[in-house]
Participant: 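Before anything else, here's the structure in question.
Letters A, B, ... mirror the listed sequences (proteins, then strands); counts begin at 1. It should be emphasised that the depicted structure is a prediction, and the values quoted were computed from it without experimental measurement.
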Amino acid sequence: DSGVTQTPKHLITATGQRVTLRCSPRSGDLSVYWYQQSLDQGLQFLIQYYNGEERAKGNILERFSAQQFPDLHSELNLSSLELGDSALYFCASSVGWGLNTEAFFGQGTRLTVV
Amino acid sequence: GESVGLHLPTLSVQEGDNSIINCAYSNSASDYFIWYKQESGKGPQFIIDIRSNMDKRQGQRVTVLLNKTVKHLSLQIAATQPGDSAVYFCAELSSNTGKLIFGQGTTLQVKP
């Protein structure tokens with residue numbers, strides 16, 4: 001168990017809908033990262049937060065947004081869902097950011113858009 | 001998208017043999033590299049890391065080699081075991097941007 005908790009584990013929703021994925025980082029970790037992993041694909045970096053502030057942005061669509069709350073948990077909001085958004089969404093956390101900041105991953109949320 | 005490249009999608013080895021998984025990265029500004037292991041249905045798990053001021057780092061049964069001249073990273077697994085079967089990802093991080101970028105992954109299959 002990495003200590004990173006993601007909910008829900010599975011989500012099935014229809015196209016055009018909006019969903020929220022939740023991540024609780026490890027105790028003491030200030031950084032949260034979000035990744036998307038499509039079938040047989042690598043992990044695409046979406047966005048990173050550090051202590052409530054957006055720190056780095058990757059290939060995150062405008063339909064997607066995220067935030068990190070004062071208690072350091074994070075939410076990834078996906079709206080106007082399309083079939084192609086079906087994927088595993090991973091959250092990772094680390095103490096800080098930069099060198100030697102080992103990131104620990106949650107078990108992921110499997111999103112299926114039908 | 002942003003990604004680090006991997007040379008081979010699948011590597012098949014005999015149990016007990018050594019495995020070498022390769023990775024090429026493109027960002028010369030990256031200063032921290034990590035190997036992750038992902039088993040089916042699970043999130044990536046940290047294996048070993050290396051800073052750009054090093055060229056070799058050893059862990060338990062694993063060694064990471066970094067060649068900055070050709071921007072190449074490799075993971076060596078000694079005496080490969082069935083439990084090593086998984087997808088292995090290399091990842092690079094630039095302390096300037098804070099982005100942790102992953103490669104496409106290499107599937108390691110261990111034959112008994």
Participant: Decide whether B:Phe89 and B:Leu65 are clustered together by the hydrophobic rule: side chain heavy atoms of Ile, Leu, Val, Met, Phe, Trp, Tyr closer than 4.5 Å, transitively.
Facilitator: no
Participant: Tell me, side chain or backbone of B:Gln45 under 4.5 Å from chain A's heavy atoms, or both, or neither?
Facilitator: neither
Participant: Among A:Ser31, A:Ala103, A:Cys91, A:Ser94, which has the most heavy-atom pairs under 4.5 Å with chain B?
Facilitator: A:Ala103
Participant: Taking all atoms of both residues into account, what is the closest heavy-atom pair of A:Gln107 and B:Gly41, and its distance?
Facilitator: OE1-O, 3.9 Å
Participant: So for A:Gln37, is it side chain, backbone, both, or neither that comes closer than 4.5 Å to the heavy atoms of chain B?
Facilitator: side chain
Participant: State yes or no: do A:Val19 and A:Phe64 share one hydrophobic cluster built from I, L, V, M, F, W and Y residues joined by side-chain heavy-atom distances below 4.5 Å, directly or via other members?
Facilitator: yes
Participant: For the residue pair A:Phe105 and B:Tyr36, is the inter-centroid distance of their aromatic rings smaller than 6.0 Å?
Facilitator: yes
Participant: Report the distance from atom NZ of B:Lys42 to atom CG of A:Leu88, rounding to the nearest 0.5 Å.
Facilitator: 14.0 Å
Participant: Kindly give the heavy-atom pair with the smallest separation between B:Leu100 and A:Tyr33, and that separation in Å.
Facilitator: CB-CE2, 4.2 Å
Participant: What about the rings of A:Tyr35 and B:Phe102, do their centers lie closer together than 6.0 Å?
Facilitator: yes
Participant: Is it the side chain or the backbone of A:Ala92 that comes within 4.5 Å of chain B heavy atoms, both, or neither?
Facilitator: neither
Participant: Please report the shortest heavy-atom distance between B:Tyr32 and A:Glu102, naming the atom on each side.
Facilitator: OH-N, 4.0 Å
